[in-house]
Amino acid sequence: MSGANYYGVEEDAMAKKARVGETPPSKVLHARNLPSDCTEPELIAVACPFGRVSNVLLLKGKNQAFIEMQDQTAATTLINYYNSVQANIRSKPVYFQYSNRDEISAPSNVEEQNNILLVTVLNVLYPVTIETLHQIFSKYGSILKIIVFSKTDRVGGLQSLIQFADVSSAVQAKALDGQNIYNGCCTLKIQFSTLKNLNVKYNNEKSRDYTNPSLPSSSPGAMGISDPSAIWSPSYLSSGMGMSSAMSDPNKGLSMSGPSVLIVSGLDTERCSPDILFTLFGVYGDVIRVKILYNKKDTALIQMANPQQAETAVIHLNNCPLHGKTIQVNFSRHSSISLPRAGSEQESSHLTKDYTGSPLHRYKVAGSKNFQHITAPSPVLHLSNLPQNATEELITDIFGQYGNVASFKFFEKDKRMALVQMENLTDAVECLVMLHNYRIGETNIRVSFSQKPIQ
């Protein structure tokens with residue numbers, strides 16, 4: 001990013017002027033108490049859940065930085081959230097406040113060319129993965145490394161850093177700035193990063209070092225994808241230059257060759273059921289069938305509607321808490337789940353369930369706006385379809401059966417929607433699987449995860 005490696009007298013002045021509680025709201029934030037070797041990607045990862053990060057300015061030797069968000073609303077959301085939840089980078093507490101600047105300016109308006117691009121994908125209606133980005137950008141040159149950051153729920157987007165083997169390839173790839181991956185959505189915004197190298201520790205769905213395929217998928221003891229590209233490669237990108245013509249039709253474009261069946265382990269054998277798994281995994285796609293293994297009831301197979309939804313579930317639910325345990329989610333070698341034979345009275349028949357055509361599927365309509373609100377599991381839950389006469393006391397009493405309610409707020413413009421913040425993620429997941437489609441009066445409420453904090 002322009003300005004991220006510019007250190008001078010102006011930065012010293014900016015740092016000295018930043019004072020807690022004295023500066024009016026601004027889209028530029030001042031971060032302090034950073035690790036001495038904090039990197040641009042680490043800051044982006046902390047900030048991007050609240051909106052697109054437009055610029056970052058690291059202050060050498062000060063353990064500080066300035067972060068420019070896409071607008072003041074995104075900056076205010078970040079400030080409010082981290083006032084109630086401690087932000088950390090590598091287990092070190094980090095503190096944010098408003099800056100007195102309206103923007104981060106560089107000494108020159110000329111963007112310095114680099115072999116690393118910062119790619120922002122806006123208006124994401126369909127999953128965009130490392131494989132997607134590699135297929136698109138590898139047309140312009142050899143890609144060494146890719147890092148993908150968490151989705152930003154406000155703008156329905158994500159951000160990525162892509163390192164090419166040389167500057168000329170990155171310059172050519174930057175020509176994709178402003179183009180759509182799919183017709184009318186997944187818009188690319190591209191700028192040069194000032195980083196000189198990307199430090200990738202793992203090869204998984206969030207980062208990839210193509211120069212070192214032997215890297216582990218995660219830290220020891222964690223289950224993950226050793227190399228998703230070895231499992232599948234997207235077929236919806238053509239081999240021609242620029243954007244694929246197949247992307248003009250998202251329904252055709254999203255036909256990927258890959259596994260739709262997931263294997264889930266670490267389940268609570270006493271409490272887990274096909275319906276519980278249907279509800280949890282249904283947040284990230286339409287579940288077709290669920291089978292809990294008869295001889296290993298802490299493990300289940302889940303068949304999603306398509307490979308994209310299966311991958312989205314892996315990304316968000318691997319290592320997710322459920323019933324006091326931590327589940328592991330990965331791709332299965334099975335291509336489908338078979339149902340028990342008709343008329344079968346096998347003892348295990350209740351462990352397999354078919355959900356084809358279920359009215360509870362969230363993504364029945366192609367291009368549904370629900371795709372825009374997919375987010376990682378969060379202590380904050382979004383409630384919709386509430387009865388008009390529902391009260392805060394009623395809702396908090398219901399959710400209080402499955403955990404401690406930290407805060408609650410109705411939407412000002414629509415009392416049929418609300419946010420409930422649970423004390424921790426475990427309680428929030430429990431509430432979602434137990435209370436989605438829960439009947440209150442004459443309506444069935446809908447429960448989803450939300451990254452928007454209660455203000």
Side-chain angles (χ1 to χ4, degrees), residues 1-8 39-45 48 52-58 66-68 70 103-124 128-149 152 155 157-183 185-200 203 206-212 229 233-234 236-248:
M1 292 180 183
S2 59
N5 63 348
Y6 174 65
Y7 308 100
T39 64
E40 183 178 319
E42 288 177 309
L43 277 172
I44 294 174
C48 72
R52 177 168 54 83
V53 178
S54 300
N55 211 342
V56 173
L57 185 64
L58 293 168
F66 290 91
I67 302 175
E68 182 178 335
Q70 66 183 51
E103 63 180 2
I104 296 176
S105 57
S108 170
N109 291 326
V110 179
E111 193 175 19
E112 182 180 353
Q113 294 180 351
N114 189 20
N115 68 321
I116 300 179
L117 298 177
L118 173 67
V119 178
T120 302
V121 188
L122 302 173
N123 191 25
V124 177
V128 176
T129 67
I130 281 182
E131 283 70 36
T132 309
L133 296 172
H134 187 271
Q135 287 277 345
I136 293 172
F137 285 89
S138 63
K139 296 180 175 67
Y140 297 91
S142 175
I143 293 177
L144 304 183
K145 302 171 186 178
I146 299 179
I147 298 175
V148 175
F149 300 101
T152 58
V155 295
L158 58 86
Q159 291 188 300
S160 173
L161 288 164
I162 301 177
Q163 181 173 349
F164 285 86
D166 53 73
V167 174
S168 61
S169 297
V171 172
Q172 292 180 56
K174 195 174 182 296
L176 293 174
D177 185 35
Q179 294 201 45
N180 295 329
I181 297 177
Y182 296 104
N183 186 33
C185 65
C186 300
T187 305
L188 296 170
K189 178 178 173 59
I190 305 172
Q191 60 193 104
F192 292 109
S193 169
T194 55
L195 290 174
K196 300 305 178 186
N197 184 54
L198 298 183
N199 182 23
V200 175
N203 284 332
K206 292 295 185 183
S207 61
R208 195 72 53 82
D209 185 345
Y210 296 96
T211 68
N212 188 4
S229 63
S233 61
Y236 57 86
L237 293 174
S238 73
S239 57
M241 295 298 290
M243 297 293 100
S244 167
S245 59
M247 293 180 181
S248 61

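Everything quoted here is computed from the prediction, not taken from an experiment. Just so you know, residue 1 is the first one in the sequence shown, and it goes up from there.
- To the nearest 0.5 Å, the span separating CD on Gln172 from NZ on Lys174 amounts to 13.5 Å.
- With hydrogens and angles disregarded, no donor-acceptor distance shorter than 3.5 Å links the side chain of Asn212 to the backbone of Asn203.
- Proximity of a side-chain donor or acceptor of Asn55 to a complementary backbone N or O of Glu68 within less than 3.5 Å is not detected.
- Atom-to-atom distance recorded for Leu57:CG and Ile67:CD1 is 10.5 Å, nearest 0.5 angstrom.
- The shortest distance between side-chain heavy atoms of Leu188 and Val121 falls below 4.5 Å.
- Expressed to the nearest 0.5 Å, how far CD1 of Ile162 lies from CD1 of Ile130 amounts to 9.5 Å.
- Val167 has its side chain within reach of Val171: a pair of non-hydrogen atoms, C-beta onward, lies under 4.5 Å apart.
- Considering all non-hydrogen atoms of both residues, Phe164 and Ala173 come closest at CZ-CB, 3.6 Å.
- Taking both residues in full, the closest heavy atoms of Glu112 and Phe192 are given as O-CB, 3.4 Å, listed atom of the first, atom of the second, then distance.
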Ile190 vs Phe137, test: side chain to side chain contact (heavy atoms under 4.5 Å, CB included). Steps then yes/no.
CA-CA 11 Å; Ile190 305 172; Phe137 285 89; 3.8 Å; yes
Determine whether Ile146 and Leu161 satisfy the following criterion, side chain to side chain contact (heavy atoms under 4.5 Å, CB included), listing intermediate values before the conclusion.
CA-CA 6 Å; Ile146 299 179; Leu161 288 164; over 6 Å; no
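- The line from CG of Asn180 to OG1 of Thr187 is 3.5 Å long, rounded to the nearest 0.5 Å.
- Annotation: side chain of Thr39 is not in contact with side chain of Leu58 (no heavy-atom distance under 4.5 Å).
- For the 3.5 Å distance criterion, the side chains of Asn197 and Lys145 qualify, holding a donor opposite an acceptor.
- Residues meeting the side-chain contact (heavy atoms from CB on, under 4.5 Å) test with Ala175, sequence neighbours left out: none.
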Could you go through Asn114 and Ser193, starting from their C-alpha distance and side-chain angles, then the distance that decides it, and tell me whether this counts as side chain to side chain donor-acceptor pair (under 3.5 Å)?
CA-CA 7 Å; Asn114 189 20; Ser193 169; 4.9 Å; no
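- Closest non-hydrogen pair, Asn115 versus Lys196, comes out as OD1-O, 4.5 Å.
- In plain terms, the two heavy atoms of Gly141 and Ser169 that are nearest each other are CA-OG, 3.5 Å.
- Using a 4.5 Å heavy-atom cutoff, the side chains of Arg208 and His134 are not in contact.
- Of the residues Leu117, Ile136, Val119, the one that meets the side chain to side chain contact (heavy atoms under 4.5 Å, CB included) test with Leu176 is Ile136.
- Side-chain contact check for Leu122 versus Arg52: some heavy-atom pair is nearer than 4.5 Å.
- With no hydrogens or angles considered, no side-chain donor-acceptor pair links Gln70 and Ser54 at under 3.5 Å.
- Every residue was checked against the side-chain hydrogen bond (donor to acceptor under 3.5 Å, both in side chains) condition with Ser138, not counting sequence neighbours, and none meets it.
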As a quick check of understanding, evaluate side chain to side chain contact (heavy atoms under 4.5 Å, CB included) for Val148 and Leu158, giving each step before the final call.
CA-CA 7 Å; Val148 175; Leu158 58 86; 4.3 Å; yes
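- The two residues Ile147 and Asn199 come nearest to each other via the heavy atoms CD1-O, 4.4 Å.
- A donor-acceptor contact shorter than 3.5 Å links the side chain of Gln159 to the backbone of Val53.
- In terms of heavy atoms, Val128 sits closest to Cys186 at CG2-SG, 4.0 Å.
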